[in-house]
Protein chains: 2
Amino acid sequence: MSAPLPAIRALPSWLLGRAAARGRALVAEALAAEGMKMWHHVVLSAVADLGPVAQAELGRSIGLDPKDLVGVLNDLQTSGLVVRAPDPGDRRKNAVSLTAEGERVLRSCETAALEANDVLMAPLSASEREQFMGLLIRISGTDG
Amino acid sequence: MSAPLPAIRALPSWLLGRAAARGRALVAEALAAEGMKMWHHVVLSAVADLGPVAQAELGRSIGLDPKDLVGVLNDLQTSGLVVRAPDPGDRRKNAVSLTAEGERVLRSCETAALEANDVLMAPLSASEREQFMGLLIRISGTDG
DNA sequence: CGAGAATCGTTGGGAGTCCCAACGGTAGGG
DNA sequence: CCCTACCGTTGGGACTCCCAACGATTCTCG
């Protein structure tokens with residue numbers, strides 16, 4: 001259709017950026033209906049998976065800067081979705097936990113995010129999606 | 001290794017974001033040696049592919065906002081890599097073209113970007129890379 | 001036990017990405 | 001001729017990602 005841009009289109013980094021931008025936009029739009037941002041959802045999900053967890057470990061597990069994590073947690077705590085409790089075993093740490101409301105909102109976010117990802121992956125068949133995810137995990141540097 | 005985050009890791013949008021961030025960081029580091037940013041390289045490459053081209057079409061072809069394109073072109077023109085000439089056929093348009101120096105720098109950027117992408121795709125075999133690129137193109141919404 | 005290194009949460013700062021609205025100038029269609 | 005549409009430009013703003021430093025606390029090792 002549009003003029004081909006062979007040089008730049010042949011770069012995986014370029015295509016990854018475009019695809020990620022598309023995915024981000026779709027998910028952001030879906031989460032906006034819940035009044036949530038991408039990182040709010042991610043942090044909420046990580047807290048649910050890790051249980052009561054210190055902020056530093058939380059940030060490391062999702063690759064979020066501690067500085068930004070403070071802001072996200074402030075928002076989530078103000079909204080009553082998480083609580084920060086002092087860790088009696090290590091007074092430097094805050095044990096972050098989900099509230100019941102947090103669990104509820106998390107489920108809404110997960111539904112919205114899944115639907116958005118379905119739109120994102122629509123061009124691919126089920127087996128292709130699985131294939132794609134397998135390759136993507138190895139590229140993302142999320143493991144190891 | 002680290003605690004699994006099944007919920008968030010199962011989202012293609014999340015993995016795409018992580019992979020794209022990794023790719024961006026690698027390419028940015030490689031281009032920094034040439035004193036270039038990602039968009040500088042992309043614009044330079046697009047100008048080379050499209051020949052003398054108006055800014056609006058340039059921006060559309062690479063998905064860059066006209067506002068940001070102005071800044072990039074200003075930088076490139078100041079560095080003597082591109083020239084903006086008034087289009088005699090349509091006085092609204094600027095015909096953007098590469099200079100000889102621009103072509104030289106573009107080649108350096110392409111080499112650097114290719115090497116960075118090689119590092120990015122290192123976990124995948126040659127055939128897997130091809131497979132991945134095919135799927136990625138359809139996800140990115142770059143075609144059609 | 002005591003001094004130094006390391007980690008915790010927090011604050012501050014900054015570059016880069018992505019998108020929207022509005023302006024004067026120019027071109028095309030009715 | 002007038003209205004619409006496009007051009008390049010300017011201004012603004014939200015979000016992402018990363019680095020440096022601080023006081024408080026814990027750990028390590030002599």
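Bear in mind the structure is a predicted one, so any value in this text is a computation, not a measurement. Order of the sequence lines sets the chain letters (A, B, ...), proteins ahead of strands, with each chain counted from 1.
- Contact annotation: Gln55(A) side-chain N/O to dT10(C) OP1/OP2 distance is under 4.0 Å.
- In this entry the distance linking CG of Asn94(A) with P of dG23(D) reads 19 Å, nearest Å.
- Between the NE2 atom of His41(B) and the C1' atom of dG16(C) there is a distance of 17 Å, given to the nearest Å.
- Glu29(A) places its CD atom 19 Å from the P atom of dA14(D), with the value rounded to the nearest Å.
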Using a 4.0 Å heavy-atom cut-off to protein, can you give one letter per nucleotide of nucleotides 17-28 of chain C, 5' to 3': B if the base is in contact, S if only the sugar-phosphate is, - if neither? SBBB----BBS-
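- Atom P of nucleotide dG9(C) and atom CG of Asn74(A) are separated by 13 Å, given to the nearest angstrom.
- Here Arg22(A) lies out of heavy-atom contact (under 4.0 Å) with every strand.
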Can you list the steps and then say if Glu101(A) with Arg104(A) is a salt bridge (Lys or Arg N to Asp or Glu O under 4.0 Å)? CA-CA 5 Å; Glu101(A) 175 73 359; Arg104(A) 199 190 61 71; 3.1 Å; yes
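- Spacing between atom CG of Leu69(A) and atom C1' of dC8(C) amounts to 12 Å, rounded to whole angstrom units.
- Classification of Asp65(B) and Lys67(B) as a salt-bridged pair fails, no side-chain N sitting under 4.0 Å from a carboxylate O.
- Remark: the backbone N or O of Leu120(B) is paired with a side-chain donor or acceptor of Arg22(B) at under 3.5 angstrom.
- The aromatic rings of Trp14(A) and Trp39(B) sit perpendicular, their planes meeting at an angle over 60°, well past the 30° parallel limit.
- Taking a cutoff of 4.0 Å between a charged side-chain nitrogen and a carboxylate oxygen, Glu128(B) and Arg138(A) qualify as a salt bridge.
- One can place CZ of Arg60(A) at 12 Å from C1' of dA6(C), the figure rounded to the nearest angstrom.
- As rounded to whole Å, 18 Å separates atom P of dT26(D) from atom CD of Glu57(A).
- Per the geometry, CD belonging to Gln77(B) stands 13 Å off P belonging to dG8(D), to the nearest Å.
- Under 4.0 Å is where a charged nitrogen must lie from a carboxylate oxygen, and between Arg129(A) and Asp118(A) at least one such pair does.
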